[in-house]
Q: 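Handing you this structure, nothing more for now.
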There are 4 protein chains.
Amino acid sequence: MARKRVGNKRERIINAAAKFFGEKGYHGTTTSEIADAAGVAAGTIYIYFKSKEMLIVAVFEEFLGFHMERLKQGVEAVSGSEAKMRRLLTLGLELMESNPSSARIFLSQLRQSPEMIKTVAKRSSRAYKEIIEGVVEDGISAGDFRESDPVATAVMVFGAYQNMVLEWVAADCSYPLSAKASELSEFILIGVACKETAES
Amino acid sequence: MARKRVGNKRERIINAAAKFFGEKGYHGTTTSEIADAAGVAAGTIYIYFKSKEMLIVAVFEEFLGFHMERLKQGVEAVSGSEAKMRRLLTLGLELMESNPSSARIFLSQLRQSPEMIKTVAKRSSRAYKEIIEGVVEDGISAGDFRESDPVATAVMVFGAYQNMVLEWVAADCSYPLSAKASELSEFILIGVACKETAES
Amino acid sequence: MARKRVGNKRERIINAAAKFFGEKGYHGTTTSEIADAAGVAAGTIYIYFKSKEMLIVAVFEEFLGFHMERLKQGVEAVSGSEAKMRRLLTLGLELMESNPSSARIFLSQLRQSPEMIKTVAKRSSRAYKEIIEGVVEDGISAGDFRESDPVATAVMVFGAYQNMVLEWVAADCSYPLSAKASELSEFILIGVACKETAES
Amino acid sequence: MARKRVGNKRERIINAAAKFFGEKGYHGTTTSEIADAAGVAAGTIYIYFKSKEMLIVAVFEEFLGFHMERLKQGVEAVSGSEAKMRRLLTLGLELMESNPSSARIFLSQLRQSPEMIKTVAKRSSRAYKEIIEGVVEDGISAGDFRESDPVATAVMVFGAYQNMVLEWVAADCSYPLSAKASELSEFILIGVACKETAES
DNA sequence: AATGAATGAGTCTTCATTCAT
DNA sequence: AATGAATGAAGACTCATTCAT
């Protein structure tokens with residue numbers, strides 16, 4: 001009684017879906033098992049979501065919205081371009097670490113069909129990169145980072161970040177991801193900010 | 001009729017599979033259409049490959065082997081750490097550009113199931129990163145690149161590279177990917193080599 | 001159209017399966033034709049039965065349960081060892097005669113795979129023989145039958161009975177099987193009851 | 001080299017087929033594995049046998065012919081109705097015991113399709129029963145056995161015999177079948193020979 | 001809104017059989 | 001006679017989705 005009524009049905013379905021999609025992949029998960037785990041009937045899913053595909057999209061949007069909000073807050077909470085970038089990367093890894101299932105969806109399950117890549121995956125990276133771009137742009141304006149194309153830079157920063165998470169997922173999340181934060185930050189900061197490294 | 005005898009059957013199947021898997025995704029492709037396009041009977045696929053899954057793995061190995069060979073040759077053909085890194089990244093983008101279908105498989109289709117991520121996708125990035133690591137290590141030894149953990153550096157370099165390709169794929173390959181080579185190289189080289197950037 | 005709503009789905013599937021398995025054999029029958037004949041969709045079979053194999057097992061259990069109940073009742077309804085044995089054999093032949101399809105499954109289709117022989121076929125003959133053994137044991141105790149190993153005796157009685165049915169099935173059920181009841185009973189009764197053979 | 005050329009191809013195919021059909025069942029065996037085990041190409045089977053079905057028929061005929069010859073010889077070698085019957089049953093069990101695979105084919109694999117039951121299985125039991133009938137008839141003529149319908153008697157004798165073998169096969173041939181010979185003979189002989197039952 | 005039994009189109013895979021060599 | 005690569009028809013089973021209740 002207690003566990004069943006925690007959250008409304010839509011939320012329960014999303015949570016169950018996130019868990020299974022992350023663990024077994026989109027095609028490896030059946031809508032029935034999601035319904036079971038969510039404690040609803042098979043048909044109920046279709047009251048809240050038009051199709052299985054729309055369900056994974058919803059799962060992802062939930063995840064993305066939550067991420068974006070946190071990241072924006074985190075970035076605003078500190079000052080200084082370098083500190084902002086550090087915060088962004090560290091927080092990003094922490095968020096991924098706290099929800100490996102969603103991380104997996106983010107990293108691979110959304111790339112199932114060319115259609116999905118073009119719509120959702122694209123939007124996801126766009127949102128992410130907008131934040132990165134913001135930090136980069138501000139850093140350049142402030143003279144903290146070297147001159148560069150913020151868009152291209154964001155693509156590469158995001159790639160490095162993303163691949164670090166993928167490595168961790170491929171390693172079965174067997175080590176603390178957030179421990180890699182400083183390593184990542186160093187690399188990125190040198191890439192974006194490198195200006196005054198003396199001689200050698 | 002004309003295309004029927006070009007190449008042996010195994011090769012024809014691999015080519016057809018690469019095309020469809022890349023265009024429509026692993027699950028969006030049926031073994032029958034691969035057989036049709038390859039000009040063989042449905043059952044023939046199973047003479048050469050144990051299952052549909054082993055087929056995509058084979059497609060990928062083919063692609064990876066080809067890539068690795070080219071990249072190694074390319075890197076060896078030039079001298080100087082910076083030149084090697086540039087060559088590596090440029091060649092990588094060129095290879096991806098010349099075979100968008102395989103690029104798509106490489107970037108997403110191999111991540112279909114958690115199983116695949118753990119086995120094949122892992123191996124693929126490992127192979128790629130080994131080359132990158134080699135260049136980074138040599139560069140550090142030679143004093144051309146700054147001191148850093150070559151492994152972690154390779155992860156990030158690979159991530160940036162990969163994401164640049166993914167962007168291109170998500171944009172429907174609508175612009176020449178190789179045109180981005182210098183941008184990527186700059187970013188990476190600053191990240192790995194940044195030592196003597198004068199004042200500001 | 002008329003037959004559609006007779007009985008629930010599970011029952012309709014079992015009946016259709018019994019018919020086809022009996023007529024065309026297990027491997028000669030497709031799940032689709034069973035579904036068609038039962039007036040259900042192909043997938044519906046798998047709601048009620050885990051696999052085609054579990055379906056034939058279910059068909060058989062149904063048949064066996066029905067048989068056993070009838071035979072036990074029949075045997076209890078009469079008194080005297082000889083009368084019981086006669087009743088058992090007669091009733092057995094009558095039951096087989098009334099459902100030739102199930103008889104065929106019982107006699108041969110359950111022996112399709114070594115696995116089935118070891119599990120289901122074994123259990124079926126065990127159930128049958130337990131009843132026979134009971135009658136034989138009681139007959140011996142009562143002094144009506146000669147001393148013998150009831151287990152081995154049951155094997156042989158069952159064999160004679162079974163082969164009589166098989167003959168009938170092989171002859172396309174072209175004669176009334178129950179007409180053979182007295183002949184069978186005589187043979188068996190002499191075998192089990194013959195006590196005072198003089199001389200030799 | 002030595003093993004391969006022992007026997008001609010036809011014989012090798014029959015032997016391999018007997019082994020597999022007996023162990024894994026008719027439908028559980030592929031023609032390819034038979035060809036492999038026989039050391040011939042897949043297509044070669046079809047030079048010697050028209051189809052898979054004709055192959056199992058051939059296997060069976062081989063087995064039956066061999067059996068019949070031995071049984072006839074065995075029966076003729078002794079004198080006296082009772083001795084002949086004993087010899088027949090004992091020899092039958094011994095032959096089955098010496099070739100469990102063929103025994104399994106005989107007992108169940110030939111019953112795969114209604115067609116097979118009607119043609120081959122029928123013929124097999126007919127051959128067997130002819131021998132039994134002969135012994136029974138002679139016994140009756142000689143006054144050794146009681147008056148009865150030899151045909152029906154043979155059906156029942158054959159059934160008892162057959163079921164004893166089936167029990168043994170179902171028990172994984174885990175005990176010496178020939179040890180059951182005397183038990184079987186007693187049962188049968190009482191059934192056929194019992195003449196002077198007093199009274200009742 | 002919720003259910004869950006039912007649907008049936010869709011797919012991978014097997015394998016007896018053929019035939020060019 | 002022999003080969004064995006190739007065929008392609010066939011079939012068990014799955015599962016997203018629907019709809020009567």
Side-chain angles (χ1 to χ4, degrees), chain A residues 8-10 12-13 26-36 38-56, chain B residues 4 8-10 12-13 26-36 38-55, chain C residues 8-10 12-13 26-36 38-56, chain D residues 8-10 12-13 26-36 38-56:
Chain A
N8 58 34
K9 287 201 170 65
R10 194 190 131 90
R12 297 213 312 269
I13 294 168
Y26 177 74
H27 284 104
T29 300
T30 66
T31 55
S32 299
E33 68 190 328
I34 292 173
D36 276 358
V40 301
T44 305
I45 288 180
Y46 291 83
I47 294 170
Y48 293 94
F49 306 95
K50 207 195 165 200
S51 65
K52 190 186 179 187
E53 187 165 346
M54 292 317 288
L55 175 56
I56 197 177
Chain B
K4 276 300 166 60
N8 59 37
K9 290 205 168 64
R10 193 190 133 92
R12 297 212 313 267
I13 294 168
Y26 178 74
H27 285 105
T29 302
T30 67
T31 54
S32 300
E33 69 190 328
I34 293 173
D36 278 357
V40 301
T44 304
I45 287 179
Y46 292 84
I47 296 173
Y48 295 93
F49 307 95
K50 211 194 164 203
S51 64
K52 191 186 177 187
E53 186 164 347
M54 292 316 291
L55 174 55
Chain C
N8 58 36
K9 291 206 167 61
R10 193 190 134 91
R12 296 210 315 266
I13 294 168
Y26 177 75
H27 285 104
T29 301
T30 68
T31 54
S32 300
E33 68 190 328
I34 293 173
D36 278 356
V40 300
T44 304
I45 287 180
Y46 292 86
I47 295 174
Y48 294 95
F49 307 95
K50 209 193 163 204
S51 64
K52 190 186 177 188
E53 186 164 347
M54 291 316 289
L55 175 54
I56 197 178
Chain D
N8 57 35
K9 289 201 168 65
R10 192 190 134 91
R12 297 212 312 267
I13 294 168
Y26 178 73
H27 284 105
T29 301
T30 66
T31 55
S32 299
E33 67 190 328
I34 292 172
D36 277 358
V40 301
T44 305
I45 288 180
Y46 290 83
I47 294 170
Y48 294 93
F49 307 94
K50 207 196 167 200
S51 65
K52 190 187 179 187
E53 187 163 347
M54 291 317 288
L55 174 55
I56 197 178

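Convention: sequence-line order gives letters A, B, ...; per-chain numbering from 1.
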Q: Between His27(A) and Lys52(A), which heavy-atom pair has the shortest distance, and what is it?
A: CA-NZ, 4.1 Å
Q: Which atom pair, heavy atoms only, marks the closest approach of Arg10(C) to Tyr48(C)?
A: CB-CD2, 3.7 Å
Q: Of all the heavy-atom pairs spanning Ile13(C) and Ile34(C), show the shortest one and how long it is.
A: O-CG2, 4.0 Å
Q: Which part of the nucleic acid, if any, lies within reach of Thr30(C) when heavy atoms closer than 4.0 Å are counted: base, sugar-phosphate only, or nothing?
A: sugar-phosphate
Q: Could you identify which residues of residues 44-52 of chain A place a heavy atom less than 4.0 Å from some atom of DNA chain E, listed by residue number, or say none?
A: Thr44(A), Ile47(A), Tyr48(A)
Q: Please give me the minimum heavy-atom distance between Ala42(B) and Ala35(B), naming the atom from each residue.
A: CA-CB, 3.8 Å
Q: For DNA chain E, which nucleotides open and close the run of contacts to chain D, 5' to 3', at under 4.0 angstrom from a non-hydrogen atom?
A: dC15(E) to dT18(E)
Q: Hey, which of these two, Ala42(C) or Ala42(B), hits DNA chain F nearer its 5' end, going by closest nucleotide?
A: Ala42(B)
Q: Counting Watson-Crick and G-U wobble pairs with both distances under 3.5 Å, what is the dot-bracket string for DNA chain F, 5' to 3', using [ ] for crossing pairs and | for pairs to another strand?
A: .||||||||||||||||||||
Q: Could you state the CG-P distance from Asp36(C) to dA12(F), rounded to the nearest angstrom?
A: 12 Å
Q: Does the side chain of Thr31(A) get closer than 4.0 angstrom to OP1 or OP2 of dC15(F) through an N or O atom?
A: no
Q: Does a side-chain heavy-atom distance below 4.5 Å link Ile56(A) with Thr29(A)?
A: no
Q: Considering heavy-atom distances to DNA chain E, does Ala41(A) or Ser32(D) have its closest nucleotide positioned more toward the 5' end?
A: Ala41(A)
